[in-house]
Amino acid sequence: MSSELSRTGRIRTADVAFALPLRREFTYLVPDDWPGRLSPGLRVQAPLGRKNSIGVVVACATVAAPVRDLKSLIRPVDADRRAPADVLKLARWVADYYHCAQGEVLAAAMGPVVAEAEEYVRLCRPDWDTGRPGGRRPTAAESAVLRALRTTRPTAMGRLRKVIGAKARIEPVVRELVRRGLVASEWRSDPPPIPRRAVVYGLAAATDGPVPDQLRARLSSTAIGTQAPTLLDLAETTPGGMPALRGLLLSGALHWDPAGQPGPDVLIDGVRPEPAENDLDPEQKTAAATIGEWLAAPEFTTALLWGPTGSGKTAVYCAAIRRAWALGRRALYLVPEIGLATQLIHRLRLTLGEPIAVWHSGLSALERYWMARLIAAGRYRLVVGARSAVFAPMPDLGLIIVDEEHAETYKQSQPAPRYNARDVAVVRARLNRAVCVLGSATPSTESYHNAASGKYHLLRLSARIGGRPLPTVRLVDLRERADSPDERWLTKELRTALTETLSAGRKAIVFLNRRGHSTLVACRHCGYTERCPACGLTLTYHARDRRFRCHLCTHVQPARSICPSCGGSDFVFRGVGTQKIEDLLAALPAPVRLARLDADVAARRGAAESILAGFAGREYNLLVGTQMVTKGLDVADVGLVGVIWADQQMAFPDFRAEEKTFQLLTQVAGRAGRGGDASATSRVLVQTFHPDHELIGLAAAQDAEQFFTRELPRRRELHYPPFTRLILLRFAAPTSEEAAATASRFAEFWQRATADHPLPATRLLGPAPAAVPRRAATHLYHVLIKTTHVARVSAVIAGFEDEEATFLRRHHADLTVDVDPTDFM
Ligand code: ADP
Ligand code: ZN
């Protein structure tokens, strides 16, 4: 069909990025009669191959016709939401740096599709003008459409079709009417349903409109300490029920939270607000004021806020958030794991006194949709979330806080985009001329190095609040013990300390970074051990459900009472996991109220939350768990922290193994002696097989400076980050031969590609079988590249992917690229 644009010889095009591992965009023709606005950030449906796929428009252009072989866009997916400009730019950066598709990043940023767009038409000029040049009488179909659209109210095309009921297609008829200016059309989305778990916690300040009295009364009686009502609760008592309520929510008359978080006035036990800026300690004040100056400038800055556990970093964040707000800017607050941040969120609500958006990947598609919409509309001035929140569509972003910046959970290893939210946060801050604050008691070696070399600013808090001493740490030698095999894991020293602490009415935490019961079960007669049929690893016995589980893949099998190899029925249960420790602890001669927190327990929604709340309150006095217990737990009166096996992680094939051990031990020790009675001393008992190891000594002394002094030269010498970057290529195939063949193929390609133009400071290691070479039905080979030129290496990899696509396909092989990997298994 001809139109103004093509008649003038120009056409509109749009570049679309799809959520497929294709590192390129596709150009489409924008139909002349595309109703409404089309701009970057809009999600659209477009033909790709033989299917229609959903992608995001990343660029629009007007070009000289003719352009051959362009397919047309079909329709928008959701007409009301767009990825904001800074998120589009960020997605471009993430795709380039992490060697993935921009569409994959945008899909992660925007979440699943829930809204549908439909074309709406309305009458704008009622009379058919036969006097116009080229005038003619309307056809019967045209008259029918005009009659059906009698009012100016927009009508969905689907509805119009029903009203007319004719067999003929009405689209061409409507197009013609639009062209003649009688009818206007646009894409619109009906808002999808509001999640039923959504809570409503108050009237918007400006509301004096038509809020029913019952509702007004109900919301004003939502007193402190009670749960805000869910949408379902309210619908029963609100005149007009759910439809009326929905109208009020959409009009902005009510404060509501799509993810069911209670309002700011709802308290949980033992949560106190952070002190106001005036009541901060001098170091905290300096940190807050410095951040305030950068915000006011405004000037892109990244700062490392480094202070021991309990030094009051949260109070500094709160002061910084208030300063950003005062300048009319918004803040984003990233946490390593949202399930463990409940306490923190309540603290922030109470301190800041207004609703906060809580954004994480556990939200349902609908919750995500509404959260994004409210955030984009500027309803929240603070978003707290796990790593994907770094893409939240926040307007006027001025401040990004990355709490516990060293946490490994900021890195997404699987699936793509394999990004590190901490590093992406810095880039997002740069795009917005914002301030990025990375906080930690145990900074990553990378961030420490950046601060030491002047790339980041350093803000230092040197002591715990109130002069509370860091707990004393004692090492307990695990070697050659006389105790029984099981009691070897819970030594006499630790048992005594636990008994004393609990008997004195204080609390204790026991830490072991391994779940399950026994890691080695063997037949006493023939030595048969249970192995995963998929990966070949020994299985871990889980006593609670009497099953064997593989901790690498998902394989589960019931325990057997007869050895399949010799028919024997006597098994030894060696090795240790949190469940075995739990059993040993339950038998302590002390008043034990015990809870376990690990991934098995936390699999139930809300379980981690209620265990942490129970431990913060009076329900439990003893908590045993994996690294989940080391993160951000702020409980007063923890008199003892016991570490079952300090060096467990040190033998891992990972250049960060020692750093992680140091961080873990420092963090877990930091849970002791917070709040409560400042004079009561707290202790930490660390059981280890290597009491003489320098690193264990440094961890016991919690001497981070000394740790970095030892670590940095080692990293420099071995060419590890922060002195180079790593890129891990994983070649996965159904057989080991195919995986090896494709990895070697890459190595040969690399040789050729770099022979004439060697990349400076770059080396390739491998190919080699992965540390665990088989996972379920997949065999893995690795190639590791160390380089200071990520973009150039990325280009070589892209060349391989292009040239050898057929080879990869023929060998059923799959290549994934992980830039700045943290998982080397
Ligand atoms: P971090 O995050 O550095 O480990 P927190 O922010 O959890 O430490 O602070 C520890 C405790 O000290 C919190 O309960 C906090 O409210 C309190 N606190 C922080 N700053 C001050 C201050 N200036 N005066 C008194 N208490 C403070
Ligand atoms: Zn397995």
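Since the model is a prediction, treat every value here as computed from it, not as a measurement. Numbering of ligands and ligand atoms starts at 1, following listing order.
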Exercise. Between Glu659, Gln667, Glu404, which is the residue that forms a side chain to side chain donor-acceptor pair (under 3.5 Å) with Thr442?
Worked result: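 Considering Glu659, Gln667, Glu404, a side chain to side chain donor-acceptor pair (under 3.5 Å) with Thr442 is found only for Gln667.
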For this session: Let me know which of Arg381, Arg349, His255 forms a side chain to side chain donor-acceptor pair (under 3.5 Å) with Glu354.
Result: Arg381
Problem set entry | From the candidates Gln667, Lys313, Arg347, the one that places a heavy atom nearest atom 7 (O) of ligand 1 |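 Residue with the shortest heavy-atom distance to the ligand atom: Arg347.
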Please say whether [X] places an N or O atom under 3.5 Å from an N or O atom belonging to ligand 1.
X      : answer
Gly312 : yes
Ile465 : no
Thr309 : no

For this session: Quick one: look at Leu461 and ligand 1, take heavy-atom pairs under 4.0 Å, and tell me if it's side chain, backbone, both or neither.
Result: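 Within the 4.0 Å criterion, Leu461 makes no contact with ligand 1.
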Exercise. Going through the distances and angles, do Phe391 and Tyr419 end up as a ring-ring contact (aromatic ring centres under 6.0 Å, His included)?
Worked result: CA-CA 11 Å; Phe391 298 112; Tyr419 65 102; 5.2 Å; yes
For this session: Going by the side-chain contact (heavy atoms from CB on, under 4.5 Å) test, name the single residue among Ile644, Leu512, Leu494 that passes it with Trp489.
Result: Ile644
[X]: heavy atom below 4.0 Å from ligand 1, yes or no?
X      : result
Pro308 : yes
Arg464 : no
Pro275 : yes

Exercise. Using a distance-only test with no angle check, is there a side-chain donor-acceptor pair under 3.5 angstrom linking Glu711 and Thr445?
Worked result: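 No - no donor-acceptor pair under 3.5 Å links their side chains.
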Problem set entry | Pair Asp820, Asn420: side-chain N/O donor-acceptor within cut-off below 3.5 Å |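 Looking only at side-chain atoms, Asn420 and Asp820 do not form any donor-acceptor pair under 3.5 Å.
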Which ligand 1 atoms are under 4.0 Å away from a heavy-atom of [X]?
X      : result
Ser311 : 1 (P), 3 (O), 8 (O)
Asp281 : 23 (N)
Asp279 : 23 (N)

Exercise. Under the 3.5 angstrom rule, does the side chain of Ser311 hit a backbone N or O of Pro308 as a donor-acceptor pair?
Worked result: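 Pair found, side chain donor or acceptor close to backbone of Pro308.
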Exercise. Any sub-3.5 Å donor-acceptor pair from Arg387's side-chain atoms to Thr409's backbone N or O?
Worked result: yes
